[in-house]
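First the structure, in the form of structure tokens, and then the observations on it.
Throughout, numbering of the chain's residues begins at 1 and tracks the sequence. What you see below is based on every heavy atom in this structure, not just the backbone, and it leaves out hydrogens, waters and symmetry mates.
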Amino acid sequence: MKNRKVYVTAFCGVAVAMNIVLGIITSALGIPLYLDTLGTVLSAAILGPLPGIIVGALSNIITGLIYSVSDIPFCLVNMAVGLVVGLVAKKFKFDWIQALIVGLVLSVLCPAIGTPIGIFVYGGLNGTFSDVLVMSLVQGGKSIFQASFLRNIASNLIDKVGTCLIGCALIKAMPMRFLDNFKKES
């Protein structure tokens with residue numbers, strides 16, 4: 001008899017670790033991509049919205065406690081990823097088309113949530129080369145919100161679409177026998 005709770009808990013732990021490690025790597029490289037939601041996408045697509053939300057929240061809270069408490073409010077972005085992916089995967093099959101559509105939706109939704117947080121916490125800059133774009137847009141007459149939002153949409157188009165497509169590919173590569181461990185016992 002399999003114990004679904006053990007599999008779910010272990011998978012969520014791995015997903016949180018994946019988010020943290022990918023976030024650290026992209027931050028260390030100073031690239032304007034995040035990739036810190038892949039674990040959230042996987043857990044939400046396989047397990048549903050609630051585990052996705054929990055993985056998203058824990059990822060940012062743990063990272064914030066380790067590195068910078070000011071990063072914790074961004075858990076709202078990661079939680080939104082878990083909610084959206086989880087709801088879509090619950091209603092539809094999380095295939096290539098759904099992954100692409102969800103990635104595009106998240107490319108706008110995540111900056112809509114994260115930009116005000118970024119402005120409040122960091123003044124709209126994120127410490128990467130893309131800050132040059134933000135400052136150029138501000139000097140050209142855009143507000144800090146508009147400039148930061150435009151930069152965030154650009155980076156999120158690549159990040160969120162890529163993350164959702166990678167998540168879809170990883171799920172398709174998982175053996176059905178492994179995925180069966182997460183099905184509710186009837």
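Thr115 and Asn152 are linked by a side-chain donor-acceptor pair at a separation below 3.5 angstrom, with hydrogens and angles left out of the test.
Between Asp71 and Gly64, the closest heavy-atom pair is CB-CA, 4.4 Å.
Residues satisfying the ring pair (Phe, Tyr, Trp, His ring centres under 6.0 Å) criterion with Phe92, sequence neighbours excluded, are absent altogether. Not counting sequence neighbours, the partners of Leu109 by the side chain to side chain contact (heavy atoms under 4.5 Å, CB included) test are Ala80, Val84, Leu106, Ile113. Annotation: side chain to side chain contact (heavy atoms under 4.5 Å, CB included) contacts of Ala89 (sequence neighbours excluded): Ala45, Phe94.
Classification of the Phe178-Phe11 ring pair by plane angle, with boundaries at 30° and 60°, yields tilted.
No donor-acceptor pair under 3.5 Å is formed between the side chain of Asp36 and the backbone N or O of Leu22. In this structure a side-chain-to-backbone donor-acceptor pair under 3.5 Å is missing from Thr40 to Gly52. Panel note: side chain Asp95, backbone Gln98; a donor-acceptor pair is recorded below 3.5 Å.
Under the side chain to side chain contact (heavy atoms under 4.5 Å, CB included) test applied with Val8, the options Leu47, Ile46, Asn181 reduce to a single match, Leu47. The only member of Leu65, Val69, Thr63 that meets side chain to side chain contact (heavy atoms under 4.5 Å, CB included) when paired with Tyr67 is Thr63.
Within the 4.5 Å cutoff, the side chain of Asp159 has no heavy atoms near those of the Thr26 side chain.
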